[in-house]
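Below is one structure; the comments refer to it alone.
Just so you know, ligand 1 is whichever comes first in the structure, and atom 1 is the first atom listed for that ligand. Just so you know, residue 1 is the first one in the sequence shown, and it goes up from there. Side chains included, hydrogens not; waters and symmetry mates left out as well; all remaining heavy atoms used.
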Amino acid sequence: MEAFAIKSVKAREILDSRGNPTVEAEALTNGGFGRASVPSGASTGTYEAVELRDGGERFNGKGVLCACRNVNEIIAPALVGMDSRSMASIDGKMIELDGTENKSKLGANAILSVSLAAAKAAADTAKLPLFMHLNQESRVLPVPMLNIINGGKHAGNSLSIQEFMVAPVGAGSIKEALRTGSEVYMALKKILKDRYGPSAINVGDEGGFAPPIPAAADAFEAILDAIGEAGYSDDDVKLAIDSAASSFYKDGKYAVDGRKMSPGDLLDYYVELANQYPIISMEDPFEEDDYANFAEITSKLCGRVQIVGDDIFVTNMKRFRKGVEMGAATSLLLKVNQIGTLTESIEVARYAVKSGYTVMVSHRSGETEDNYISDLAVALGTGQIKTGAPARGERISKYNQLIRIEETLGKRASYAGAMAFKTP
Ligand code: PGA
Ligand code: ZN
């Protein structure tokens with residue numbers, strides 16, 4: 001225990017990929033060190049745990065000095081001496097210190113930075129990579145869901161759907177999957193430039209292109225052409241979307257492709273897309289409180305398309321349980337900063353698997369160079385990860401970590417492929 005005992009914890013304010021401040025924490029044990037930083041969303045769910053911001057003029061109110069102070073003055077003294085391997089006790093202690101339902105007192109950003117830094121310090125003390133420390137049996141490398149066209153709140157174009165992803169399910173390894181993704185991305189770049197002019201290859205928050213095209217169908221057509229151009233078929237590479245529908249919902253209507261749609265119209269629109277294109281996954285097809293229409297589309301597309309809940313579940317056990325009871329989806333999007341500790345995230349992921357759900361580990365649109373989500377996806381064996389395009393350093397950091405993990409696992413490594421999308 002002596003080597004694993006926490007000696008000190010410290011936080012500082014750093015910048016994220018959008019240039020906004022975020023929290024980075026460091027934990028020191030007697031035998032190791034861990035550093036972790038916290039991401040931040042743009043199309044955030046209403047029910048996410050609270051990201052504490054300073055307000056005032058500094059950084060337009062987005063400073064996180066309060067959150068850092070909470071780590072340095074309240075959390076750190078309480079954790080010194082604790083065993084860094086006892087993730088549940090450390091996270092439990094912080095939840096107790098916070099005392100609120102949504103971590104609004106200390107801030108989910110403060111708490112998560114320490115939760116992650118402590119886990120990394122424990123792994124370092126044990127001289128294990130994080131994924132091995134979290135699960136000695138780790139072996140499954142996830143299918144990367146590469147977001148190659150950006151819309152919604154992540155781009156300055158008029159596409160309502162936020163993310164158009166490719167899933168290289170036919171690859172034999174993560175390394176090959178990323179090569180496929182990169183080749184498709186490069187082919188798409190050329191196609192978009194030819195079709196829509198040079199400004200079409202500007203990129204959005206997650207590294208995907210943000211072309212000035214109005215309708216989702218045009219985005220799918222361009223991507224399918226890119227897949228063919230790169231020498232792949234639609235058996236090798238499938239399509240996926242994240243609508244982030246709360247971001248284009250107002251007063252009972254959804255604004256999509258220049259039309260105002262009722263929930264019923266939107267359902268028909270999705271079914272049409274699923275009939276027309278090789279789509280295997282749809283995330284947040286309806287706004288975050290519409291469990292009923294989530295259930296409707298889940299039953300309509302059952303067995304064909306995975307329905308993923310992000311803003312509706314916010315990695316929160318209570319909201320997710322309700323979803324399971326109602327048959328609202330077939331997949332859980334796992335974002336650790338939506339709930340604020342590693343322990344609670346792992347708990348929801350395990351419950352999802354037990355309930356017959358698939359799990360997709362996810363980055364946020366505002367990220368840092370930290371790549372713990374890659375280790376988490378492998379440790380949980382989720383078989384799916386989304387962390388943006390094969391471009392921009394903060395996205396690539398996660399994909400490159402998967403390449404390293406695959407190499408470390410050697411012959412034990414197994415690429416999830418199409419099996420990752422099997423739903424009951
Ligand atoms: P966000 O987007 O990080 O801006 O919330 C990602 C997503 O909606 O999945
Ligand atoms: Zn989402």
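For atom 8 (O) of ligand 1, the nearest non-hydrogen atom of the protein is Q162 NE2, 2.9 Å. Protein heavy atom closest to atom 6 (C) of ligand 1, with residue, atom name and distance, is K335 NZ, 3.4 Å.
A cation-pi arrangement is absent between K260 and Y254, since the terminal nitrogen or guanidinium carbon is not both under 6.0 Å from the aromatic centre and inside a 45° cone about the axis.
Seen from the Zn ion (ligand 2), atom OD2 of D242 and atom OD2 of D310 lie 170° apart in angle, a value rounded to 10°.
Ligand 1 lies out of reach of K153, whose nearest heavy atom is not under 4.0 Å from it. Distances from ligand 1 to the non-hydrogen atoms of K386 include at least one value under 4.0 Å. Contact annotation: A244 has no heavy atom less than 4.0 Å from any atom of ligand 1.
Within the listing of ligand 1, atoms 9 (O) sit less than 4.0 angstrom from a heavy atom of E283.
A side chain to side chain donor-acceptor pair (under 3.5 Å) with R404 is found for one member of Q401, E407, E406 and no other, namely Q401.
Between R364 and ligand 1, at least one N/O pair is under 3.5 Å apart.
Of the heavy atoms in H154, only side-chain atoms (C-beta onward) come closer than 4.0 Å to ligand 1. Contacts between D284 and ligand 1, counted as non-hydrogen atom pairs separated by less than 4.0 Å, are absent for every part of the residue.
Of all heavy-atom pairs between L402 and L141, the closest is O-CD1, 3.7 Å.
Checking side-chain atoms of S17 against main-chain N and O of E394 turns up no donor-acceptor pair under 3.5 Å.
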